[in-house]
Amino acid sequence: MPKPLSVDERLEAQFSSWDIAPVPEIPDLLMTLRTNGTTITLFKDQVQQTFTAKVAQLEAKSIRLTLQDDSTEGDPFQMGGKVLCVGYGKDYALSFVANAAAAVNNILHISYPVKVYIHKGRMHERFALKVPISALWSKNNHELIFGDVMDISLGGFLGGMNVASFDDGTRTFQRGEIGQVTLTKPDGQKWLGSAELRRSDRITADKRDPEDIIGPINGFSLLGFAFLFKGTEQSLSLEKFLEGTLETL
């Protein structure tokens, strides 16, 4: 299984196309996160799991966050280290890298960022499809997943798609897996890129818990993928590929 993305790799893959906020505006932007009670998503080096937090206080030398996750015992924040912080507001989103001290209970102190990426406008739009699009996802040219795209979202690290794929219970999906994805229209046009598996929900006609079912499972899995773009050109190529195929939900 490929290693999870590092903080720097994720920043480059998903946020490098955002604008860089002017340095004098950074304190006001951070204050807005606290005033609005914006939930911040935290990514840590080589860790699949994401964490959430809220800005509790802007202190003299650090930003104090309150971790929202129920348990911090044994989690990576006990060791501190570099973190990627992403916050989505009503009119804009922010992302920045900071250094974190070791968490104490649910309190985490991070350094003030020297650079903040900003994306103005609506951050996350979800679209239904006007025409069918199929998706083929593969990891290291094997472990293929084929399915139908149910909807697509565009915007930052929430940009991605939901794919319905037949599931007979023989495969275990691991959150954080990264692979190559090919989207195909009915006329044969294709778009190639990378995507990270972020969610899997098994749907069956059997009302029992899927873990209690013995034998083949007749159903499908709804898989949530996040697009990983290698620069602005690739994200623009996806938008061009999708022209005329989407309608707002």
Quiz item: Is there side-chain contact between L183 and K190, with heavy atoms separated by less than 4.5 Å?
Solution: no
Self-check item: Minimum side-chain heavy-atom gap K82-V97 below 4.5 Å
Solution: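 Counting from C-beta outward, K82 and V97 do come under 4.5 Å.
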Locate the shortest heavy-atom distance separating [X] from [Y]; write the atom from each residue and the value.
{"X": "N162", "Y": "G224", "value": "OD1-CA, 3.6 Å"}
{"X": "H109", "Y": "S62", "value": "CD2-OG, 3.2 Å"}
{"X": "P113", "Y": "I63", "value": "CD-CD1, 4.2 Å"}
{"X": "S200", "Y": "L223", "value": "CB-CD2, 3.5 Å"}
{"X": "V163", "Y": "A135", "value": "CG2-CB, 4.1 Å"}
{"X": "L65", "Y": "A53", "value": "CB-CB, 4.1 Å"}

Quiz item: Only one of K240, K185, Q234 clears side chain to side chain contact (heavy atoms under 4.5 Å, CB included) with W191; which?
Solution: Q234
Quiz prompt | side chain to side chain contact (heavy atoms under 4.5 Å, CB included) partner of L67, the single match among T52, I40, L42 | solution = L42
Answer yes or no: is there a donor N or O on one side and an acceptor on the other, between the side chain of [X] and the main chain of [Y], under 3.5 Å?
{"X": "S165", "Y": "F146", "answer": "yes"}
{"X": "T66", "Y": "I107", "answer": "no"}
{"X": "Y112", "Y": "E59", "answer": "yes"}

Quiz prompt | Q189 versus T184, side-chain donor and acceptor atoms under 3.5 Å | solution = no
Practice problem: Please state whether the rings of F225 and W137 are parallel, tilted or perpendicular, taking 30° and 60° as the class boundaries. | Solution: tilted
